[in-house]
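The next block holds one structure in the form of structure tokens; read it before the comments.
We use all heavy atoms of the structure for the numbers below, so side chains are in, but hydrogens, waters and symmetry mates are not.
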Number of protein chains: 2
Amino acid sequence: MSRHDIYALLCPGRAVFELLANKWTGLAVTALADGPRRFGELRRKLEGVSPKVLTATLRRLEDNGLVLRTVHAEVPPRVEYELTALGRGALEPLAHLRSWVRAHVDDFGPAVR
Amino acid sequence: MSRHDIYALLCPGRAVFELLANKWTGLAVTALADGPRRFGELRRKLEGVSPKVLTATLRRLEDNGLVLRTVHAEVPPRVEYELTALGRGALEPLAHLRSWVRAHVDDFGPAVR
DNA sequence: AGCAATGGTTCCCTTTGGATAGTAAGGGCC
DNA sequence: GGCCCTTACTATCCAAAGGGAACCATTGCT
């Protein structure tokens, strides 16, 4: 039962939902939509993210199989992040959400906060 | 420009996105899908939420026009929460995300965190 | 008087998020 | 040789959000 009730504390679906329902996760995944990106690129694209939090976000995505992290043994270092098949799948509902937001931004008050 | 770049710090769309991309917000909105619900009902449905956090979540949704809060002057008190038209709109992409999660839970490792 | 029901609020502690500074390693420059 | 440049982080410290437990106000019931 709890296996199918996303509101249940122990439902695995809820854990996945909470992984995606995060301030930076959604932005990070969609930022990888068009192919591999380097750490610094993402850092600049996701305005306001600190390196620590970006690292944590990407690591969490990597641990959950949404993102592949490739370290190139060069100097200066080059690390590339790209979506896995699972990550590309998650892109779809995330992009859907994003496009809804885009279409309805103006329905929100000026102090969206 | 920043008006259309969800990654920009000042983009209103990003603020809306961050409102929805929250651990409890998505669950709360979908929990209201089938009509008005009372505080206690939501509290029981969203397993693990503390009254303080539930209050804050609902207030934020109310402030942003997604939820309507109605206090009935009775004893014991009765407070009902229901989605506004805007909230019902947000339901759609959220439900989409939820159904994707449902379909792909098993693609995630056993330690989804 | 005491208890139950409801929708919170208050206090305190833990977890998470965020800002800033520092580190390692090699290459180019002088 | 000594110095700086770049990159992708870690380390440290502090603020904000999340979470647990207790308490409150009101009225009816027993």
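- Atom P of nucleotide C/dG7 and atom CD of B/Glu74 are separated by 10 Å, given to the nearest angstrom.
- Counting heavy atoms from C-beta on, the side chains of A/Thr70 and A/Glu82 come closer than 4.5 Å.
- For the side-chain contact (heavy atoms from CB on, under 4.5 Å) test with B/Arg38, the passing option among B/Glu80, B/His72, B/Arg43 is B/Glu80; the others fail.
- Side chains of A/Leu94 and B/Trp100 form no contact here, defined as non-hydrogen atoms less than 4.5 Å apart.
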For residues 10-23 of chain B, dump all side-chain donor-acceptor pairs below 3.5 Å to protein atoms at least two apart in sequence or in another chain.
residue : atom : partner : partner atom : Å
B/Arg14 : NE   : B/Glu18 : OE2          : 2.9
B/Arg14 : NH1  : A/Glu47 : O            : 2.9
B/Arg14 : NH1  : B/Tyr7  : O            : 2.8
B/Arg14 : NH2  : A/Glu47 : O            : 3.0
B/Asn22 : OD1  : B/Trp24 : N            : 2.8
B/Asn22 : OD1  : B/Thr25 : N            : 3.1
B/Asn22 : OD1  : B/Thr25 : OG1          : 3.1

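- Here the P atom of nucleotide C/dT15 and the NZ atom of B/Lys23 are 13 Å apart, to the nearest Å.
- No single ILVMFWY cluster, assembled from side-chain heavy atoms under 4.5 Å apart, contains both A/Val79 and A/Leu68.
- For the pair B/His72 NE2 and C/dG8 C1', the interatomic distance rounds to 16 Å; values are reported in whole Å.
- Residue B/Lys52 is in base contact, counting any heavy-atom pair closer than 4.0 Å across all strands shown.
- D/dA17 atom C1' lies 14 Å from atom CD of A/Glu18, rounded to whole Å.
- Residue A/Leu54 contributes atom CG, which lies 11 Å from atom P of C/dG18 at whole-angstrom precision.
- When rounded to the nearest whole Å, the span between CG of A/Asn22 and P of D/dG18 equals 11 Å.
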Nucleotide by nucleotide, nucleotides 4-9 of chain D touches protein heavy atoms under 4.0 Å in the pattern (B base, S sugar-phosphate only, - none) --BBSB
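- Ring geometry for A/Tyr81 versus A/Phe39: interplanar angle of 30 to 60°, hence tilted.
- Applying the 4.0 Å criterion to OP1 and OP2 of D/dA17, one finds that B/Trp24 has every side-chain N and O outside that range.
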